[in-house]
Undergrad: 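Quick one: the structure is below, and I'll ask about it shortly.
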Amino acid sequence: MMLFTTNWLATFFSEFRGKVTDSIHIKSVVTDSRKPGRQSLFVPLAGENFDGHDYLEQAVHNGAVAALWEKKKPLPAFLPTDFPVFFVSDTLTSLQQLAAAYRRRVNPLVIGITGSNGKTTTKDLVSAVVGKKYRTHFTKGNFNNHIGLPLTILSMPDHTEALVLEMGMNHFGEIDVLTKIAAPDFAIITNIGEAHIEFLGSRAGIAKAKLEIIHGLKKQGVFIYDGDEPLLQLKNYVHRTITCGFNTENDMVIRNTSIHEQQTTFQLSDENSYRIPLLGRHHAQNATYAITIGLELGIRPADIQDAFDKLHLTGMRFEMLPGKNGATIVNDAYNASPSAMRASIEVVKQLENYDEKVLVLGDMFELGDAAEKWHRQVAESIQAPITAVFTFGKDAQYISSEVKKRTPEIINMHFETKEALTEKLSEVLRPNMIVLFKASRGMHFESIVKELLDAT
Ligand code: ATP
Ligand code: MG
C-alpha cells in the first residue's frame, strides 16, 4: 500500500531539499523514531522531554525515506544530500494539515465521535455496522487526540470508503482542531458527563467543548446526539439532527431495555429489536448511534444485528472473566468518571444469578475542586442488591464514608494499600459472587484484577 509520493508532498510543502520524485513512495507516517516504518515519512515532534528532531538517524535506520523538519533547526550532518526533507514552521501543525489533505484526497465518508463516555465503544459499534457496506478504517485503541487522530487518518489505505474517528479532549478548542481535520459527514456526541470538569468549569462547559464537533461537520452533514441531555439542544445550528435516547420525544427512542448475562436487548422506534454483546442501558444508547448511522446509509437491520453479533471490542471495558474460587470478575478498570462508574454499578445491580455483588472502586481523576462531591454522589447508586463496597485511593474514601452514612447495612471497607485490598479480596471470592473493578486508568486496578483471575 502506498499513501503518497514525495512529489505529492512537495505540492503543499513548498520548501524542501533532496530528491523529490514520484518514485519515492511513502507507505506510512511515523512520529516515533523507534517504530519500524518501512518507507515512512518521519514527522519529528517536540515534546516536553524529548525532541523528535534529535532522532532522525534512528528513524532513517528504521525505514524513514523522507522527513518533515522544523525550519529553524539545523539538519544533522550524517544526512545524505539527496534525502528528501520538507521544511515547515511547525511539524505538529503540518502533520495535521497533511492528514486533512490526505483525507480530502481519499475522500471517505467520515464519522466523528466525541462525548464524555462511550466514545471508544461507540467507535467499535459504528465501525462494525458501517463495515457491513464499506471498506472501513477506524481509530485503533484510543488514538483520539491531536496527534493520534492525524496518524489514524494517515494510516488509512487509499481505497478506504468510510473512516470512523474517535475525538478526545481535555480543554476548549481541542475538538475544534480535530473536527476541522476530519470534516465529518456524521458527528456524534455520545453523552455529557463530568470527565475533565477540572479544565472546563462545569457540565455546561463540557457540553460546549464537545459541541465544537459541529464546527467541522460537512454542510450536508448529520449531527447525532444524546437527546436526553438538556445541555445539547441546538437543532437550529446544523443542517440535520437526529436525537437518540430513552425519552419519548427523541427521534430514535430506546425502549424495553433488558440486561442479561451476556447481552443487552432493546427495541427502537422503528419497531426493530436488537441485541448487543455489551451490558447496560448506556450501551443500548451507544448502539443506537451506530444503528442510526447504519439505517441512514441503507444498511438493513439484519445486517446491523449481524455486525453486533460479531463485534470486536477494545479491551478492559466491562470484561466478565472467571475469577478465583468460582467468582466472576468484571474488569472495567479501563477508566472511570462519575457517570461511567454509576452506569457500571447499575449493570451489576441488574444482573441475575449472583447472590453477592461486590464493588471495588478507586479514585476518579480530573474532577478538580468538586472531586469530593462527585465521589460522594456515587454512593447514591449503591444499595441492595449490592452486598459489599471496597475502596482504595484518597478520593475513593469519600465513597466509602458516604455509603457508611446512607446504607450502613452494606459491608464497606476502605484500604490503605492495594496489597491489603488484594489480600482481602482473595479471601472473600466465592461462587455466585460478582466483583466489579472500576477506577480511573491511573489507579491501575488491572494489577489487582490480574491477581484474582482464575489461573487454571
Ligand atoms: P476515554 O475518554 O477514556 O477515551 P471513552 O469515551 O472512549 O473513554 P469507552 O472507553 O467507550 O469511553 O468507555 C469507558 C467507560 O465509560 C465504559 O467502561 C463504561 O463504563 C462507560 N460508558 C460507556 N458509555 C457510556 C454512556 N453512554 N454513559 C455512561 N457511561 C458510559
Ligand atoms: Mg476512548
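Counting convention: from 1, in listed order, for ligands and their atoms alike.
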Undergrad: How does Asn117 reach ligand 1, by side chain, by backbone, by both or by neither, if only non-hydrogen atoms under 4.0 Å count?
TA: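 For Asn117, backbone and side-chain atoms both sit under 4.0 Å from ligand 1.
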Undergrad: Between ligand 1 and Gln285, is the shortest N or O to N or O distance under 3.5 Å?
TA: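 Such a contact does not occur with ligand 1.
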Undergrad: Does Tyr225 form a ring-ring contact (aromatic ring centres under 6.0 Å, His included) with Phe223? I'd like the steps, not just the answer.
TA: CA-CA 7 Å; Tyr225 64 96; Phe223 175 45; 4.7 Å; yes
Undergrad: What atoms of ligand 1 come closer than 4.0 angstrom to any heavy atom of Asn335?
TA: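 Once the distances to Asn335 are compared, the set is 3 (O).
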Undergrad: Backbone, side chain, both or neither: what part of Arg441 comes under 4.0 angstrom of ligand 1, heavy atoms only?
TA: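 Answer for Arg441: neither.
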Undergrad: For ligand 1, is there an atom lying under 4.0 Å from some heavy atom of Met341?
TA: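 It does not, in that no heavy atom of Met341 comes within the 4.0 Å cut-off of ligand 1.
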Undergrad: Less than 4.0 angstrom from a charged side-chain N to a carboxylate O is my criterion; do Asp454 and Lys324 meet it?
TA: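 Salt bridge absent between Asp454 and Lys324.
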Undergrad: For a side chain to side chain donor-acceptor pair (under 3.5 Å) check, start with the C-alpha distance between Asn170 and Glu174, then their side-chain angles and the critical distance, and finish with the verdict.
TA: CA-CA 7 Å; Asn170 304 317; Glu174 291 173 352; 4.7 Å; no
Undergrad: With a 4.0 Å cut-off on heavy atoms, is Ser116 touching ligand 1?
TA: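 So Ser116 counts as touching ligand 1.
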Undergrad: Could an N or O of ligand 1 be found under 3.5 Å from any N or O of Gly118, whether backbone or side chain?
TA: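 Yes, at least one N or O pair falls under 3.5 Å.
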Undergrad: Hey, is Glu166 touching ligand 1 through its side chain, its backbone, both or neither, going by heavy atoms under 4.0 Å?
TA: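 Side chain only.
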Undergrad: Would you call Glu380-Arg342 a salt bridge at under 4.0 Å N-O?
TA: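 Between Arg342 and Glu380 there is a salt bridge, with a charged N closer than 4.0 Å to a carboxylate O.
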Undergrad: Can Tyr334 be said to touch ligand 1, with heavy atoms closer than 4.0 Å?
TA: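 The answer is yes, since Tyr334 has a heavy atom less than 4.0 Å from ligand 1.
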Undergrad: When you look for heavy atoms under 4.0 Å from ligand 1, do you find them on the side chain of Asp332, its backbone, both, or neither?
TA: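 Side chain only.
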Undergrad: State whether a side-chain donor-acceptor pair under 3.5 Å links Asn247 with Asp228.
TA: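 Their side chains do contain a donor-acceptor pair, which is all the 3.5 Å distance test asks for.
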Undergrad: Assess the residue pair Gln285 and His282 against the criterion (side chain to side chain donor-acceptor pair (under 3.5 Å)); give the C-alpha distance rounded to whole Å, side-chain angles, the decisive distance to 0.1 Å, and a yes or no.
TA: CA-CA 5 Å; Gln285 187 166 18; His282 53 300; over 6 Å; no
Undergrad: Is it true that Glu372 and Arg376 make a salt bridge, defined as a side-chain N closer than 4.0 Å to a carboxylate O?
TA: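 Counted as a salt bridge, because a side-chain N and a carboxylate O are separated by less than 4.0 Å.
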Undergrad: For ligand 1, which atoms have a heavy atom of Asn144 less than 4.0 angstrom away?
TA: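 Those qualifying, in numeric order: 4 (O).
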Undergrad: Checking Arg103 now: which residues fulfil side-chain hydrogen bond (donor to acceptor under 3.5 Å, both in side chains) with it, not counting sequence neighbours?
TA: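 Partners of Arg103 under the side-chain hydrogen bond (donor to acceptor under 3.5 Å, both in side chains) test: none.
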Undergrad: Would you check the N or O atoms of Thr120, main chain and side chain alike, for any that come under 3.5 Å of an N or O of ligand 1?
TA: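 Yes, since at least one N or O of Thr120 sits under 3.5 Å from an N or O of ligand 1.
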Undergrad: Could you tell me whether Lys418 sits above the aromatic face of Phe415, with NZ or CZ closer than 6.0 angstrom to the six-membered ring centre and within 45 degrees of the axis?
TA: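 Judged by the rule, Lys418 and Phe415 form no cation-pi pair.
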Undergrad: Please confirm whether the backbone N or O of Gly173 pairs with a side-chain atom of Glu212, one donor and one acceptor, at under 3.5 Å?
TA: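 Pair found, side chain donor or acceptor close to backbone of Gly173.
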Undergrad: When you measure from atom 27 (N) of ligand 1 to each heavy atom in Leu436, Asn286, Thr114, which option holds the nearest one?
TA: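 Considering heavy atoms of Leu436, Asn286, Thr114, the nearest to atom 27 (N) of ligand 1 sits in Asn286.
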Undergrad: I want to confirm something. Looking only at heavy atoms, which of Lys438, Lys123, Met167 is nearest to atom 15 (C) of ligand 1?
TA: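 The nearest heavy atom belongs to Lys438.
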Undergrad: Just the protein N/O/S atoms under 2.8 Å from the Mg ion (ligand 2), please, no waters.
TA: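 Under 2.8 Å from the Mg ion (ligand 2) - ignoring waters, which are not counted - the protein N, O or S atoms are Thr120 OG1, Asn142 OD1, Glu166 OE2.
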Undergrad: Is ligand 1 less than 4.0 angstrom away from at least one heavy atom of His283?
TA: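 Yes, that is the case, since the closest heavy atom of the residue is under 4.0 Å from the ligand.
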Undergrad: When you measure from the side chain of Asp363 to the backbone N and O of Ala396, does any donor-acceptor pair fall under 3.5 Å?
TA: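 Yes, Asp363 side chain to Ala396 backbone: donor-acceptor pair under 3.5 Å.
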Undergrad: For Thr121, take its heavy atoms, then give the atoms of ligand 1 lying under 4.0 Å from any of them.
TA: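 Per the distance check, 9 (P), 11 (O), 13 (O).
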Undergrad: Can Asn412 and Ser400 be counted as having a side-chain donor-acceptor contact under 3.5 angstrom?
TA: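 Yes - a donor-acceptor pair under 3.5 Å links their side chains.
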Undergrad: Determine whether the side chain, the backbone, both or neither of Thr122 has a heavy atom under 4.0 Å from any heavy atom of ligand 1.
TA: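 Within the 4.0 Å criterion, Thr122 makes no contact with ligand 1.
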Undergrad: Look at Glu229 together with Arg203 and state whether they make a salt bridge at an N to O cut-off of under 4.0 Å.
TA: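 So Glu229 pairs with Arg203 through a salt bridge.
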Undergrad: Specify side chain, backbone, both or neither for Ser344, according to which of its non-hydrogen atoms lie closer than 4.0 Å to ligand 1.
TA: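 The answer is the side chain.
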Undergrad: Is it true that Asp303 and Lys132 make a salt bridge, defined as a side-chain N closer than 4.0 Å to a carboxylate O?
TA: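 No, no charged N to carboxylate O under 4.0 Å.
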Undergrad: Taking only heavy atoms of Lys119 into account, list the atoms of ligand 1 that are under 4.0 Å away from them.
TA: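 Near Lys119, meaning under 4.0 Å from one of its heavy atoms, ligand 1 has 1 (P), 2 (O), 4 (O), 5 (P), 6 (O), 7 (O), 8 (O), 11 (O), 12 (O).
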Undergrad: Any salt bridge between Glu346 and Arg281, counting N to O under 4.0 Å?
TA: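 A salt bridge is absent here (no side-chain N lies under 4.0 Å from a carboxylate O).
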Undergrad: Hydrogens and angles aside, do Gln377 and His375 bring a side-chain donor and acceptor to less than 3.5 Å of each other?
TA: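 His375 and Gln377 do not have a side-chain donor-acceptor pair below 3.5 Å.
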Undergrad: Are Thr190 and ligand 1 in contact, using a heavy-atom cut-off of under 4.0 Å?
TA: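 No, Thr190 has no heavy atoms under 4.0 Å from ligand 1.
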